[in-house]
Amino acid sequence: LMTIKIAPSILSADFVNLQSELEAIKTADLVHVDVMDHHFVPNLTMGEPIVKRICEVSPIPVDAHLMIEDPDRWAPEFARCGARSVTFHMGAAHAPVRLARQLHDMGAKACFAVRPAEPVESIFDILDEFDMILIMTVEPGFGGQKFLSNQMGKVRRLRDEITRRGLSTSIQVDGGVSPTTAPIVAEAGADVLVAGSAVYGVKNPADAIAAIRQKAEA
Ligand code: DX5
Ligand code: ZN
């Protein structure tokens, strides 16, 4: 049985009360911070100054999900802000291996993200350069979208490849994860579950975290 990590996405949190919103999820394993630039995705969230403050006050490590163009230029800045892991997209990175190594040199974990229409097999040749692979289960850009179950084949094929090669790579899923879909993604082989609206859209985020964890580990 795999140990499941829960990473609430603060995209669905109250942005003027970030400190208390971070306190509300301290039973989770990571806090997922969505950085969007109005270019790679049609939405805009936050940049380095806010991410830096989140890293300073968060009781749990920060997982920065960069939905931005030119991560080769900007991803190291988020490692410098204090993010434990930095995720950049296959569809945006020019030299993913060089960037992963640069993040490692800065003491951060490197994660590569795959959008719904992108094949996971094209990263197999550089899989050992990454600590984690993110399989998007919605088109990136917004919280509260419907879970794409058609991505589970991709999660399964990636888990099989990781097992076959004896790697310790984590598989993160992001988009539409809830107590209902958690068992589906865990069964397919994901071990890091991002959840935005399912955590911050309910009265008690800690209860939602516990419910997602329990359903995924059952
Ligand atoms: C979407 C973001 C997600 C988003 C998930 O582009 O990457 O992290 O917050 O939100 P939910 O869990 O509501 O689908
Ligand atoms: Zn995300």
Side-chain angles (χ1 to χ4, degrees), residues 4-15 18 21-22 24-25 28-47 50-51 54 58 60-69 71 74-75 78 83-93 109-118 131-152 154-155 170-186 190-203 205 207-209 211-213 215-216:
I4 299 290
K5 288 189 169 153
I6 310 293
S9 163
I10 57 156
L11 186 60
S12 293
D14 178 356
F15 277 8
L18 278 180
E21 294 284 69
L22 290 165
I25 58 157
D29 302 282
L30 302 163
V31 54
H32 183 88
V33 175
D34 290 300
V35 175
M36 307 185 189
D37 69 347
H38 260 171
H39 291 272
F40 185 70
V41 290
N43 198 1
L44 178 70
T45 55
M46 67 191 84
I50 295 178
V51 173
I54 291 170
S58 176
I60 54 177
V62 169
D63 168 43
H65 177 195
L66 307 183
M67 286 158 278
I68 62 172
E69 285 182 358
W74 298 110
F78 291 88
R84 167 79 57 93
S85 54
V86 179
T87 299
F88 54 90
H89 272 261
M90 175 192 280
K109 293 187 176 188
C111 174
F112 207 33
V114 181
R115 284 182 292 189
E118 291 168 339
D131 305 285
M132 181 162 75
I133 304 298
L134 166 54
I135 305 295
M136 291 299 306
T137 41
V138 294
E139 285 291 357
F142 302 93
Q145 302 182 78
K146 192 176 175 296
F147 174 75
L148 294 173
S149 58
N150 57 14
Q151 298 301 301
M152 292 305 98
K154 205 185 273 185
V155 173
S170 285
I171 302 178
Q172 183 177 58
V173 288
D174 182 9
V177 175
S178 68
T180 310
T181 55
I184 301 168
V185 299
D191 60 327
V192 182
L193 277 53
V194 177
S197 50
V199 169
Y200 282 111
V202 300
K203 232 206 186 83
D207 289 347
I209 291 163
I212 293 167
R213 199 188 293 285
K215 294 281 189 184

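All values derive from a computational prediction rather than experimental measurement. The analysis underlying the following values was restricted to heavy atoms, covering all of them including side chains, and did not include hydrogens, waters or symmetry mates. In each ligand, atom 1 is the first atom listed, and ligand 1 is the first ligand listed.
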Task: Ligand-residue contact atoms, ligand 1 with Met67, heavy atoms, under 4.0 Å - done: 6 (O), 7 (O)

Open item on the list: I need the nearest protein heavy-atom contact for atom 6 (O) of ligand 1: residue, atom name and distance, please.
Closed with: Gly141 N, 2.7 Å

Task: For Gly176, atoms of ligand 1 separated by under 4.0 Å from a heavy atom - done: 11 (P), 12 (O), 14 (O)

Task: Positive for side chain to side chain contact (heavy atoms under 4.5 Å, CB included) with Leu11, one of Met46, His32, Met36, His65 - done: Met36

Open item on the list: A quick test of your reading: do over 12 heavy atoms of other residues, nucleotides or ligands sit less than 6.0 Å from CZ of Arg84?
Closed with: no

Task: Partner of Thr87 by side chain to side chain contact (heavy atoms under 4.5 Å, CB included), out of Leu66, Ile133, Val33, Leu134 - done: Leu134

TODO: Quick one: look up the protein heavy atom nearest atom 3 (C) of ligand 1 and list residue, atom name and how far away it is.
DONE: Asp174 OD1, 2.9 Å

Task: Angle subtended at the Zn ion (ligand 2) by OD2 of Asp174 and ND1 of His65, nearest 10° - done: 90°

Open item on the list: Quick check on contacts: which atoms of ligand 1 are under 4.0 angstrom from a heavy atom of His32?
Closed with: 8 (O)

TODO: May I ask you to test the Val185-Phe147 pair for a side-chain heavy-atom distance under 4.5 Å?
DONE: yes

Open item on the list: List ligand 1 atoms under 4.0 Å from Gly175, heavy atoms only on the residue side.
Closed with: 14 (O)

Task: Heavy-atom donor-acceptor pair, Asp37 side chain to Glu69 backbone, under 3.5 Å - done: yes

Task: Minimum-distance protein heavy atom relative to atom 9 (O) of ligand 1 - done: Ser9 OG, 2.8 Å

Task: Residue and atom name of the nearest protein heavy atom (relative to atom 13 (O) of ligand 1), distance in Å to one decimal - done: Ser197 OG, 2.5 Å

Task: Minimum-distance protein heavy atom relative to atom 10 (O) of ligand 1 - done: Gly143 CA, 3.5 Å

Task: Distance-only donor-acceptor check, side chains Asp34 and Thr45, under 3.5 Å - done: no

- [ ] Say whether, by atom type as modelled, one donor and one acceptor occur between the side chain of Gln151 and the main chain of Pro116 under 3.5 angstrom.
- [x] yes

Task: Heavy-atom nearest neighbour in the protein, as seen from atom 1 (C) of ligand 1, with distance rounded to 0.1 Å - done: Phe142 O, 3.5 Å

TODO: Identify the two heavy atoms, one from Ser197 and one from Ser12, that lie closest to each other, and give their separation to 0.1 Å.
DONE: N-OG, 3.3 Å

Open item on the list: With respect to Asp34, determine whether any N or O atom, backbone or side chain, lies less than 3.5 Å from an N or O atom of ligand 1.
Closed with: yes

Task: Where ligand 1 meets His65 - atom numbers and elements under 4.0 angstrom, heavy-atom basis - done: 7 (O)

TODO: Please work out which of Ser178, Ala195, Gly144 has its closest non-hydrogen atom nearest to atom 11 (P) of ligand 1.
DONE: Gly144

TODO: Please answer whether the main-chain N or O of Leu148 pairs with a side-chain N or O of Thr137 as donor and acceptor at a distance below 3.5 Å.
DONE: no

Task: Minimum-distance N/O/S atom that His32 presents toward the Zn ion (ligand 2) - done: NE2

Task: Tyr200 side chain reached by Ser9 side chain, heavy atoms, under 4.5 Å - done: no

- [ ] Could you establish whether Ala198 and ligand 1 come within less than 4.0 Å of each other, counting only heavy atoms on the residue side?
- [x] no

- [ ] Measuring from the Zn ion (ligand 2), name the closest N, O or S atom belonging to Asp34.
- [x] OD1

Open item on the list: Measuring from atom 12 (O) of ligand 1, which candidate in Pro140, Gly201, Gly196 has the nearest non-hydrogen atom?
Closed with: Gly196

TODO: Look at the side chain of Gln172 and the backbone N and O of Met132, then say whether any donor-acceptor pair between them is shorter than 3.5 Å.
DONE: no

